There are 2 protein chains.
Amino acid sequence: MGRGKIPIKRIENQTTRQVTFSKRRAGLLKKTHELSVLCDAQIGLIIFSTTGKMCQYCTKGYRMEQIIERCQKVTGTCISEHDNREHLYNELAVLRKETRRLQLSMRRYTGEDMSSIPFEELDQLEHELERSVIKDQERKVHAHHHLLNAF
Amino acid sequence: MGRGKIPIKRIENQTTRQVTFSKRRAGLLKKTHELSVLCDAQIGLIIFSTTGKMCQYCTKGYRMEQIIERCQKVTGTCISEHDNREHLYNELAVLRKETRRLQLSMRRYTGEDMSSIPFEELDQLEHELERSVIKDQERKVHAHHHLLNAF
DNA sequence: TGAACTATTTATAAGTA
DNA sequence: TTACTTATAAATAGTTC
(Lines give C-alpha, C1' and ligand atoms only; values in the text may rest on other atoms or scores of the structure.)
Protein backbone atom coordinates (compact mmCIF):
# COMPACT_ATOMS: atom_id res chain seq x y z
CA MET A 1 0.00 0.00 0.00
CA GLY A 2 1.61 3.14 -1.06
CA ARG A 3 4.01 4.21 -3.72
CA GLY A 4 5.93 1.03 -3.42
CA LYS A 5 5.73 -2.23 -1.60
CA ILE A 6 8.05 -2.86 1.28
CA PRO A 7 9.34 -6.17 2.64
CA ILE A 8 8.07 -7.16 6.07
CA LYS A 9 11.26 -6.79 8.02
CA ARG A 10 12.48 -4.24 10.53
CA ILE A 11 12.79 -0.81 8.94
CA GLU A 12 16.35 0.23 9.56
CA ASN A 13 16.01 3.97 9.01
CA GLN A 14 14.86 5.29 12.33
CA THR A 15 12.88 8.21 10.99
CA THR A 16 11.06 6.10 8.47
CA ARG A 17 10.40 3.49 11.13
CA GLN A 18 8.90 6.03 13.47
CA VAL A 19 6.69 7.53 10.78
CA THR A 20 5.53 4.13 9.66
CA PHE A 21 4.86 3.21 13.25
CA SER A 22 2.60 6.19 13.80
CA LYS A 23 0.67 5.60 10.61
CA ARG A 24 0.26 1.88 10.98
CA ARG A 25 -0.53 2.06 14.66
CA ALA A 26 -3.41 4.39 13.86
CA GLY A 27 -4.53 2.00 11.16
CA LEU A 28 -4.31 -0.98 13.46
CA LEU A 29 -6.31 0.72 16.19
CA LYS A 30 -8.98 1.63 13.67
CA LYS A 31 -9.17 -1.92 12.30
CA THR A 32 -9.29 -3.28 15.80
CA HIS A 33 -12.15 -1.01 16.69
CA GLU A 34 -14.02 -1.89 13.52
CA LEU A 35 -13.69 -5.62 14.09
CA SER A 36 -14.80 -5.20 17.66
CA VAL A 37 -17.90 -3.23 16.71
CA LEU A 38 -18.88 -4.94 13.48
CA CYS A 39 -18.57 -8.45 14.83
CA ASP A 40 -19.32 -7.83 18.47
CA ALA A 41 -15.92 -9.22 19.45
CA GLN A 42 -14.14 -8.58 22.70
CA ILE A 43 -10.66 -7.35 21.92
CA GLY A 44 -7.65 -6.20 23.86
CA LEU A 45 -4.64 -4.72 22.11
CA ILE A 46 -1.42 -3.55 23.72
CA ILE A 47 1.33 -1.86 21.74
CA PHE A 48 4.76 -0.81 22.90
CA SER A 49 6.88 1.28 20.58
CA THR A 50 10.64 0.84 20.49
CA THR A 51 10.88 3.98 22.57
CA GLY A 52 8.80 2.36 25.29
CA LYS A 53 5.62 4.32 24.81
CA MET A 54 2.51 2.25 25.27
CA CYS A 55 -0.94 2.49 23.80
CA GLN A 56 -3.83 0.14 24.08
CA TYR A 57 -7.27 -0.61 22.76
CA CYS A 58 -9.99 -2.31 24.65
CA THR A 59 -13.51 -3.12 23.49
CA LYS A 60 -15.92 -0.54 24.79
CA GLY A 61 -17.67 -1.60 27.95
CA TYR A 62 -14.78 -3.74 29.11
CA ARG A 63 -11.55 -3.16 30.95
CA MET A 64 -8.26 -4.59 29.80
CA GLU A 65 -7.98 -6.62 32.98
CA GLN A 66 -11.21 -8.42 32.19
CA ILE A 67 -9.94 -9.44 28.79
CA ILE A 68 -6.60 -10.46 30.22
CA GLU A 69 -8.28 -12.48 32.91
CA ARG A 70 -10.50 -14.20 30.40
CA CYS A 71 -7.47 -14.93 28.27
CA GLN A 72 -5.66 -16.38 31.24
CA LYS A 73 -8.64 -18.55 32.02
CA VAL A 74 -8.55 -19.99 28.52
CA THR A 75 -4.81 -20.54 28.35
CA GLY A 76 -4.58 -21.68 31.94
CA THR A 77 -1.89 -19.10 32.62
CA CYS A 78 -1.81 -17.54 36.00
CA ILE A 79 -4.85 -19.37 37.23
CA SER A 80 -2.61 -21.51 39.34
CA GLU A 81 -0.80 -18.34 40.33
CA HIS A 82 -3.87 -17.07 42.06
CA ASP A 83 -4.47 -20.33 43.84
CA ASN A 84 -0.80 -20.40 44.55
CA ARG A 85 -0.93 -17.05 46.27
CA GLU A 86 -3.19 -18.44 48.91
CA HIS A 87 -0.90 -21.36 49.48
CA LEU A 88 2.05 -19.04 49.71
CA TYR A 89 0.36 -16.93 52.33
CA ASN A 90 -0.61 -20.00 54.25
CA GLU A 91 2.81 -21.46 54.11
CA LEU A 92 4.32 -18.15 55.14
CA ALA A 93 2.06 -17.94 58.14
CA VAL A 94 3.00 -21.43 59.15
CA LEU A 95 6.68 -20.85 58.67
CA ARG A 96 6.67 -17.53 60.50
CA LYS A 97 5.13 -19.16 63.51
CA GLU A 98 7.37 -22.16 63.28
CA THR A 99 10.45 -20.01 63.07
CA ARG A 100 9.33 -17.87 65.96
CA ARG A 101 8.53 -20.93 68.01
CA LEU A 102 11.92 -22.41 67.36
CA GLN A 103 13.68 -19.18 68.15
CA LEU A 104 11.96 -18.97 71.51
CA SER A 105 12.65 -22.58 72.23
CA MET A 106 16.28 -22.13 71.40
CA ARG A 107 16.50 -19.20 73.73
CA ARG A 108 14.93 -21.24 76.44
CA TYR A 109 17.62 -23.88 76.09
CA THR A 110 20.66 -21.82 75.34
CA GLY A 111 19.89 -18.32 76.50
CA GLU A 112 21.48 -16.95 73.35
CA ASP A 113 20.10 -15.13 70.36
CA MET A 114 19.98 -17.63 67.54
CA SER A 115 20.13 -15.01 64.85
CA SER A 116 23.89 -15.08 65.29
CA ILE A 117 24.30 -18.66 64.12
CA PRO A 118 26.71 -18.72 61.19
CA PHE A 119 25.38 -18.69 57.71
CA GLU A 120 27.96 -21.21 56.54
CA GLU A 121 25.72 -23.97 57.77
CA LEU A 122 23.27 -23.09 55.08
CA ASP A 123 25.07 -24.84 52.26
CA GLN A 124 24.91 -28.08 54.14
CA LEU A 125 21.31 -27.46 54.92
CA GLU A 126 20.45 -26.88 51.35
CA HIS A 127 21.23 -30.43 50.33
CA GLU A 128 19.32 -31.83 53.19
CA LEU A 129 16.51 -29.45 52.47
CA GLU A 130 16.21 -30.46 48.86
CA ARG A 131 15.97 -34.09 49.84
CA SER A 132 13.28 -33.42 52.34
CA VAL A 133 11.24 -30.93 50.38
CA ILE A 134 8.40 -33.26 49.59
CA LYS A 135 8.25 -34.70 53.06
CA ASP A 136 8.54 -31.21 54.42
CA GLN A 137 5.65 -29.97 52.37
CA GLU A 138 3.45 -32.82 53.45
CA ARG A 139 4.23 -32.02 57.03
CA LYS A 140 3.37 -28.39 56.48
CA VAL A 141 0.07 -29.25 54.90
CA HIS A 142 -0.84 -31.10 58.05
CA ALA A 143 0.54 -28.46 60.37
CA HIS A 144 -1.57 -26.09 58.36
CA HIS A 145 -4.79 -27.10 59.96
CA HIS A 146 -3.41 -26.37 63.38
CA LEU A 147 -1.32 -23.36 62.70
CA LEU A 148 -3.30 -21.38 60.22
CA ASN A 149 -5.16 -18.10 60.50
CA ALA A 150 -2.34 -15.84 61.48
CA PHE A 151 -2.21 -12.93 59.03
CA MET B 1 -13.26 -2.01 1.01
CA GLY B 2 -15.22 -4.33 -1.06
CA ARG B 3 -18.22 -4.05 -3.32
CA GLY B 4 -19.82 -1.55 -1.04
CA LYS B 5 -19.03 0.32 2.09
CA ILE B 6 -20.60 -0.69 5.36
CA PRO B 7 -21.37 1.37 8.44
CA ILE B 8 -19.31 0.59 11.51
CA LYS B 9 -21.99 -0.92 13.66
CA ARG B 10 -22.77 -4.45 14.72
CA ILE B 11 -23.64 -6.62 11.73
CA GLU B 12 -27.03 -8.07 12.51
CA ASN B 13 -27.05 -10.98 10.07
CA GLN B 14 -25.26 -13.73 11.92
CA THR B 15 -23.82 -15.44 8.86
CA THR B 16 -22.46 -12.22 7.44
CA ARG B 17 -21.09 -11.28 10.83
CA GLN B 18 -19.27 -14.57 11.16
CA VAL B 19 -17.80 -14.35 7.68
CA THR B 20 -16.71 -10.78 8.23
CA PHE B 21 -15.23 -11.78 11.56
CA SER B 22 -13.08 -14.48 10.01
CA LYS B 23 -11.86 -12.23 7.22
CA ARG B 24 -11.18 -9.17 9.33
CA ARG B 25 -9.60 -11.15 12.13
CA ALA B 26 -7.12 -12.57 9.64
CA GLY B 27 -6.48 -9.08 8.34
CA LEU B 28 -6.00 -7.69 11.82
CA LEU B 29 -3.56 -10.41 12.77
CA LYS B 30 -1.59 -9.74 9.61
CA LYS B 31 -1.49 -5.99 10.23
CA THR B 32 -0.50 -6.59 13.81
CA HIS B 33 2.34 -8.83 12.77
CA GLU B 34 3.51 -6.35 10.16
CA LEU B 35 3.55 -3.45 12.59
CA SER B 36 5.39 -5.56 15.11
CA VAL B 37 8.08 -6.58 12.64
CA LEU B 38 8.42 -3.41 10.59
CA CYS B 39 8.64 -1.09 13.57
CA ASP B 40 10.13 -3.42 16.11
CA ALA B 41 7.12 -2.94 18.38
CA GLN B 42 6.10 -5.26 21.16
CA ILE B 43 2.45 -6.13 20.66
CA GLY B 44 -0.10 -8.30 22.35
CA LEU B 45 -3.52 -8.87 20.83
CA ILE B 46 -6.36 -10.88 22.29
CA ILE B 47 -9.59 -11.50 20.41
CA PHE B 48 -12.73 -13.21 21.60
CA SER B 49 -15.46 -13.94 19.09
CA THR B 50 -19.10 -13.76 20.10
CA THR B 51 -19.08 -17.52 20.27
CA GLY B 52 -16.33 -17.39 22.88
CA LYS B 53 -13.48 -18.64 20.76
CA MET B 54 -10.21 -16.89 21.50
CA CYS B 55 -7.21 -16.14 19.38
CA GLN B 56 -4.17 -14.12 20.18
CA TYR B 57 -1.08 -12.56 18.71
CA CYS B 58 2.11 -11.88 20.52
CA THR B 59 5.30 -10.37 19.17
CA LYS B 60 7.79 -13.11 18.40
CA GLY B 61 10.28 -13.68 21.17
CA TYR B 62 7.86 -12.63 23.87
CA ARG B 63 5.10 -14.26 25.82
CA MET B 64 1.73 -12.68 26.32
CA GLU B 65 2.32 -12.54 30.06
CA GLN B 66 5.39 -10.39 29.58
CA ILE B 67 3.44 -7.86 27.57
CA ILE B 68 0.60 -7.95 30.04
CA GLU B 69 2.98 -7.48 32.91
CA ARG B 70 4.67 -4.57 31.20
CA CYS B 71 1.28 -3.06 30.51
CA GLN B 72 0.30 -3.46 34.12
CA LYS B 73 3.50 -1.79 35.21
CA VAL B 74 2.65 1.22 33.06
CA THR B 75 -0.99 1.44 34.09
CA GLY B 76 -0.29 0.57 37.69
CA THR B 77 -2.69 -2.34 37.68
CA CYS B 78 -1.81 -5.38 39.67
CA ILE B 79 1.77 -4.30 40.15
CA SER B 80 1.57 -4.98 43.83
CA GLU B 81 0.41 -8.48 43.09
CA HIS B 82 3.40 -9.31 41.00
CA ASP B 83 5.94 -7.58 43.19
CA ASN B 84 4.28 -9.18 46.11
CA ARG B 85 4.69 -12.62 44.68
CA GLU B 86 8.40 -12.20 44.35
CA HIS B 87 8.62 -11.02 47.92
CA LEU B 88 6.55 -13.94 49.04
CA TYR B 89 8.82 -16.39 47.30
CA ASN B 90 11.87 -14.71 48.72
CA GLU B 91 10.51 -14.64 52.19
CA LEU B 92 9.49 -18.27 51.90
CA ALA B 93 12.98 -19.27 50.86
CA VAL B 94 14.44 -17.36 53.75
CA LEU B 95 12.01 -18.76 56.25
CA ARG B 96 12.41 -22.30 55.05
CA LYS B 97 16.13 -22.13 55.56
CA GLU B 98 15.77 -20.31 58.83
CA THR B 99 13.35 -22.88 60.13
CA ARG B 100 15.52 -25.71 59.02
CA ARG B 101 18.56 -24.10 60.55
CA LEU B 102 16.81 -23.63 63.86
CA GLN B 103 15.53 -27.17 63.86
CA LEU B 104 19.00 -28.53 63.37
CA SER B 105 20.43 -26.22 65.98
CA MET B 106 17.80 -27.27 68.44
CA ARG B 107 18.58 -30.89 67.83
CA ARG B 108 22.20 -30.19 68.45
CA TYR B 109 21.41 -28.74 71.84
CA THR B 110 18.60 -30.94 73.01
CA GLY B 111 18.90 -34.09 71.02
CA GLU B 112 15.15 -34.11 70.57
CA ASP B 113 12.91 -33.60 67.61
CA MET B 114 11.46 -30.13 67.96
CA SER B 115 8.45 -30.90 65.86
CA SER B 116 6.88 -32.31 68.99
CA ILE B 117 6.79 -29.01 70.87
CA PRO B 118 3.20 -28.23 71.80
CA PHE B 119 1.15 -26.03 69.62
CA GLU B 120 -0.42 -24.26 72.57
CA GLU B 121 2.54 -21.94 72.67
CA LEU B 122 1.47 -20.54 69.40
CA ASP B 123 -1.32 -18.36 70.71
CA GLN B 124 1.13 -16.54 72.89
CA LEU B 125 3.49 -16.24 70.00
CA GLU B 126 0.88 -14.71 67.84
CA HIS B 127 0.66 -11.57 69.90
CA GLU B 128 4.36 -11.20 70.04
CA LEU B 129 4.57 -11.87 66.36
CA GLU B 130 2.08 -9.21 65.43
CA ARG B 131 3.98 -6.62 67.41
CA SER B 132 7.26 -7.52 65.79
CA VAL B 133 6.05 -7.92 62.24
CA ILE B 134 7.57 -4.75 60.93
CA LYS B 135 10.86 -5.24 62.69
CA ASP B 136 10.78 -8.82 61.53
CA GLN B 137 10.32 -7.88 57.94
CA GLU B 138 13.22 -5.47 58.07
CA ARG B 139 15.39 -8.21 59.44
CA LYS B 140 14.32 -10.54 56.69
CA VAL B 141 15.11 -8.04 54.02
CA HIS B 142 18.64 -7.96 55.34
CA ALA B 143 18.86 -11.68 55.83
CA HIS B 144 17.71 -11.92 52.27
CA HIS B 145 21.06 -11.04 50.83
CA HIS B 146 22.72 -13.81 52.74
CA LEU B 147 20.11 -16.47 52.69
CA LEU B 148 18.57 -16.32 49.29
CA ASN B 149 18.91 -18.58 46.29
CA ALA B 150 17.38 -21.69 47.65
CA PHE B 151 14.52 -22.85 45.44
C1' DT C 1 9.36 18.13 12.68
C1' DG C 2 4.75 17.34 11.00
C1' DA C 3 0.73 17.66 8.34
C1' DA C 4 -1.19 16.95 3.59
C1' DC C 5 -0.94 14.52 -0.98
C1' DT C 6 -1.29 10.68 -4.19
C1' DA C 7 0.10 6.65 -6.73
C1' DT C 8 -0.09 2.15 -5.46
C1' DT C 9 -0.84 -1.77 -2.86
C1' DT C 10 -4.00 -4.16 0.31
C1' DA C 11 -8.11 -5.41 2.39
C1' DT C 12 -12.49 -6.83 1.91
C1' DA C 13 -18.00 -6.87 0.81
C1' DA C 14 -20.62 -9.00 -2.00
C1' DG C 15 -21.09 -12.30 -5.45
C1' DT C 16 -20.18 -17.03 -7.28
C1' DA C 17 -19.14 -21.98 -7.30
C1' DT D 1 -20.50 -24.50 5.07
C1' DT D 2 -15.73 -23.21 3.05
C1' DA D 3 -13.35 -21.43 -0.74
C1' DC D 4 -12.58 -18.52 -4.85
C1' DT D 5 -13.50 -14.09 -7.49
C1' DT D 6 -13.63 -9.27 -8.25
C1' DA D 7 -15.14 -4.64 -7.96
C1' DT D 8 -14.48 -1.27 -4.78
C1' DA D 9 -13.01 0.95 -0.45
C1' DA D 10 -9.07 1.71 2.62
C1' DA D 11 -4.47 1.91 3.97
C1' DT D 12 -0.18 3.56 3.31
C1' DA D 13 5.03 4.46 1.23
C1' DG D 14 7.14 7.87 -0.63
C1' DT D 15 6.77 12.60 -1.61
C1' DT D 16 5.86 17.46 -1.17
C1' DC D 17 4.97 21.57 1.29
Side-chain angles (χ1 to χ4, degrees), chain A residues 1-64 67-68 70-71 74-75, chain B residues 1-64 67-68 70-71 74-75:
Chain A
M1 299 167 280
R3 293 302 177 87
K5 111 189 246 180
I6 56 169
I8 303 304
K9 60 195 272 298
R10 184 191 147 96
I11 297 169
E12 290 308 328
N13 181 292
Q14 188 188 318
T15 308
T16 307
R17 190 170 63 243
Q18 211 128 41
V19 171
T20 298
F21 178 73
S22 291
K23 287 182 176 178
R24 278 179 173 260
R25 182 189 52 191
L28 190 63
L29 287 169
K30 188 181 174 192
K31 289 267 182 210
T32 304
H33 175 68
E34 289 181 355
L35 178 58
S36 177
V37 171
L38 286 171
C39 305
D40 201 22
Q42 196 175 333
I43 309 183
L45 172 67
I46 301 168
I47 305 172
F48 285 99
S49 70
T50 319
T51 61
K53 259 180 271 182
M54 190 190 81
C55 83
Q56 56 181 98
Y57 175 86
C58 181
T59 296
K60 203 182 164 189
Y62 293 90
R63 283 172 299 109
M64 187 59 86
I67 293 176
I68 288 172
R70 195 174 170 194
C71 170
V74 170
T75 59
Chain B
M1 298 167 281
R3 294 301 177 93
K5 116 186 242 180
I6 56 167
I8 303 304
K9 59 194 274 296
R10 184 191 146 98
I11 297 169
E12 290 306 329
N13 181 292
Q14 188 187 319
T15 308
T16 308
R17 189 170 66 241
Q18 209 127 44
V19 171
T20 299
F21 179 75
S22 292
K23 288 181 177 178
R24 278 181 173 258
R25 181 188 55 192
L28 190 64
L29 287 168
K30 189 182 175 193
K31 289 269 182 207
T32 304
H33 175 68
E34 289 181 355
L35 178 58
S36 177
V37 170
L38 287 170
C39 305
D40 202 21
Q42 197 176 331
I43 308 182
L45 172 67
I46 302 168
I47 304 172
F48 285 99
S49 70
T50 318
T51 60
K53 259 182 267 180
M54 190 191 79
C55 85
Q56 58 183 96
Y57 175 87
C58 180
T59 296
K60 203 182 166 190
Y62 293 91
R63 282 171 301 108
M64 186 59 84
I67 292 176
I68 288 172
R70 195 175 169 193
C71 171
V74 171
T75 59

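Below, chains carry the letters A, B, ... as their sequence lines are ordered, and counting in each starts from 1. Small disclaimer: the values here were computed from a predicted structure and weren't measured. FYI, side chains are in, hydrogens and waters are out, and symmetry mates aren't considered; it's all heavy atoms of this structure.
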Rounded to the nearest 0.5 Å, what's the gap from [atom1] on [X] to [atom2] on [Y]? Could you check?
X	Y	atom1	atom2	value
Leu45(A)	His33(A)	CG	NE2	13.0 Å
Thr75(A)	Arg63(B)	OG1	CZ	11.0 Å
Arg10(B)	Asp40(A)	CZ	CG	4.5 Å

Please state how far atom [atom1] in [X] lies from atom [atom2] in [N], giving the value in whole angstrom units.
X	N	atom1	atom2	result
Leu29(A)	dA10(D)	CG	P	18 Å
Ile6(B)	dT8(D)	CD1	C1'	13 Å
Leu28(A)	dA10(D)	CG	P	17 Å
Phe21(A)	dT12(D)	CZ	C1'	16 Å
Asn13(A)	dA13(D)	CG	P	13 Å
Gln18(A)	dA3(C)	CD	P	13 Å
Lys30(B)	dT12(D)	NZ	C1'	13 Å
His33(B)	dT10(C)	NE2	C1'	16 Å

Can you tell me if Lys31(A) touches the phosphate of dT12(C), counting only side-chain N or O atoms and a distance under 4.0 Å to OP1 or OP2?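 Lys31(A) to dT12(C) OP1/OP2: side-chain N or O found under 4.0 Å.
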Answer yes or no: does a side-chain N or O of Thr16(B) lie under 4.0 Å from OP1 or OP2 of dA13(C)? no
Do Lys23(B) side-chain and dA11(C) base share a donor-acceptor contact under 3.5 Å? no
Report yes or no: is there a donor-acceptor pair, N or O only, under 3.5 Å between the side chain of Arg3(B) and the base of dT6(D)?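 Check passes, donor-acceptor contact within cut-off.
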If you check the Met1(B) side chain, which of dA4(C), dA10(D), dT10(C) turns out closest?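 Side chain of Met1(B) sits closest to dA10(D).
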Under the 3.5 angstrom rule, does the side chain of Thr32(B) hit a backbone N or O of Leu28(B) as a donor-acceptor pair?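 Answer holds: yes.
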For the pair Thr59(A) (side chain) and Ala41(A) (backbone), establish whether a donor and an acceptor sit closer than 3.5 Å, ignoring hydrogens and angles. yes
So what does Thr20(A) hit on the nucleic acid, given a heavy-atom distance under 4.0 Å: a base, only sugar-phosphate, or nothing? sugar-phosphate
With rounding to the closest Å, how many angstrom separate the C1' atoms on dT15(D) and dT1(C)? 16 Å
